[in-house]
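A quick write-up on the structure given underneath.
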Amino acid sequence: MSDRAWDSSELDRAAAMARGLRAAAGPDARLFAVRAPGRVNLIGEHTDYSGLPVLPVAIDRSTIIAAVATRSGEVSLRNENRLYPDRDFKLARNIPPYPTGDWANYVKAALQGVIDHFADRGTEVTRLRGAKLVIDGRVPTGAGLSSSAALTVSSALAFMATNGLALSPIETAALVAHSEWYVGTMAGGMDQAASLLGQRDHALFIEFNPLRARPVKMPSEAALVVADSREEADKSGNVRAEYNRRVVECGLAARFLARALTLNGVRELGDVVKGVKEWNAADLVAALAETAPERLNPDLAQAASRLGLSSEALAREMLGDRDPHIVLDLHRPLEILKRARHVFSETERVLQAVRALQAGRLAEMGALMNESHRSLAEDFDCSTSRLDRMVSCARRAGALGARLTGAGFGGSIVALCRADDAPGVIAALDRDYYSSLQIPPQSARAVLHASAGAGLVELA
Ligand code: NG1
């Protein structure tokens, strides 16, 4: 993490945000600024929470925080976007969350992650100082571009900096990876890793358990058009339940496969892949079809009895102490086979995509993205008619490939184009999508660039 991660307009933004803090804290106080970008995922969707690889890029849209330590254990948050009200709270070993949907829960989630990490290593929360944080988020929200990771990562970095604590980017990524469990999303660690480890002009091949990332150069003739459907994927409501339900479905598929293939210690589909030499998606899906019903009753009792466990034990394994009602809509069956088919085939596509990008084979990369979208729509049931419409429009206008990006259920699409074709793709989306829905297009779609990961500077 260094000031090379910043462009000059971001440094100007940070300096302006810090002025009020400097005036209040005095000339001797140490002031810090952090930036953390959002991300767009090229391929590898709904694989991270199964411990399987992903291929995102950090984007040139970021959240910036200016920060100074306070003497007490008070944390005070001021958001430059006045839609998000000021918040003040006290540090504690377990910080109680605000009501669901409050923006400041993402900051609390990050601070809780830091507190847990250092408490486990002998630094008690009573030795940590609070902080005043001024926050300016420029990653569009609800658009599948990880505004939440930009906020959790920047909050964790700001809080560590004001406390004189430092970790490597990869350690920080591991620390914040599961911070969104605090807000009730059983998310994987892709977003935080991309935000911390991103590199200019590169995608990141990220693997989990243990977390590691390898940069993959983006071919210079490639352009990424990212377009927001303006159908908000609201992670604090229904979409959260849909997302968490997918996590449970994939976890169940993993447990059935573990039994069928006599593998020990399996918690997620990634453990199955690691346990089988020379695996391929078709064989694993066939093995699952032989051992488990295509879909299961949603109350977990049927799954538990087939797996030889009590319902309580299975629920505890899958959900920890979460209320199953938050996760499972009790009226719809759990899909096992389709979800596993998506995750295994998507993993094959990620590995092929890394090779295609490295070799500059853009048409092949585009075809893999198209196939990913089809699999997300048909097997993962997370596309919408508006996302499908945008994807088709981008392809007709010359994109080499296009797919929903992020969790889906709304949010954005990403289209891979040759740079010369990007203006035509944008024009087609404006004409055929945005204007028919009367959405002003200028702020909804853009060519985004692979940017550097998070950075920290001390301000003069
Ligand atoms: P988005 O929709 O961008 O927040 C979510 C998860 C990721 C990953 C993708 C699907 C959160 C915070 N992040 O991303 O970890 O699972 O969905 O690939 O929920």
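Both counts, for ligands and for their atoms, begin at 1 and track the order of listing. Start at 1 with the first residue, then count along the sequence. No hydrogens, no waters, no symmetry mates; every other heavy atom, side chains included, goes into these values.
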Only counting residues at least two apart or in another chain, list the ones meeting side-chain hydrogen bond (donor to acceptor under 3.5 Å, both in side chains) with Arg93.
Asp116

Shortest reach to atom 17 (O) of ligand 1 by a heavy atom, considering only Tyr49, Tyr243, Trp181
Tyr243

Single hit among Arg339, Arg341, Arg374, Lys338 for salt bridge (Lys or Arg N to Asp or Glu O under 4.0 Å) with Asp379:
Arg341

Answer with yes or no after comparing the ring centroid distance for Tyr49 and Tyr243 against a 6.0 Å cut-off, counting only values under it.
yes

For Ser345 and Arg349, does a side-chain donor sit closer than 3.5 Å to a side-chain acceptor?
yes

Please confirm whether Gly44 comes within less than 3.5 Å of ligand 1 when only nitrogen or oxygen atoms on both sides are compared.
no

Atoms in ligand 1 with a heavy atom of Met190 nearer than 4.0 Å
8 (C), 9 (C), 18 (O)

Show which atoms of ligand 1 fall inside a sub-4.0 Å distance from at least one heavy-atom site of Gly144.
3 (O)

Does ligand 1 come near enough to Arg39 that some N or O of the ligand is less than 3.5 Å from an N or O of the residue?
yes

In terms of heavy-atom contacts, does NZ of Lys90 have more than 12 from other residues, nucleotides or ligands at under 6.0 Å?
no

Return the CD to CG distance between Glu317 and Leu307, rounded to the nearest 0.5 Å.
9.0 Å

Purely on distance, is any nitrogen or oxygen of Asn41 under 3.5 Å from one on ligand 1?
no

Honestly, for Arg246 the part within reach of ligand 1 (heavy atoms, under 4.0 Å) is neither

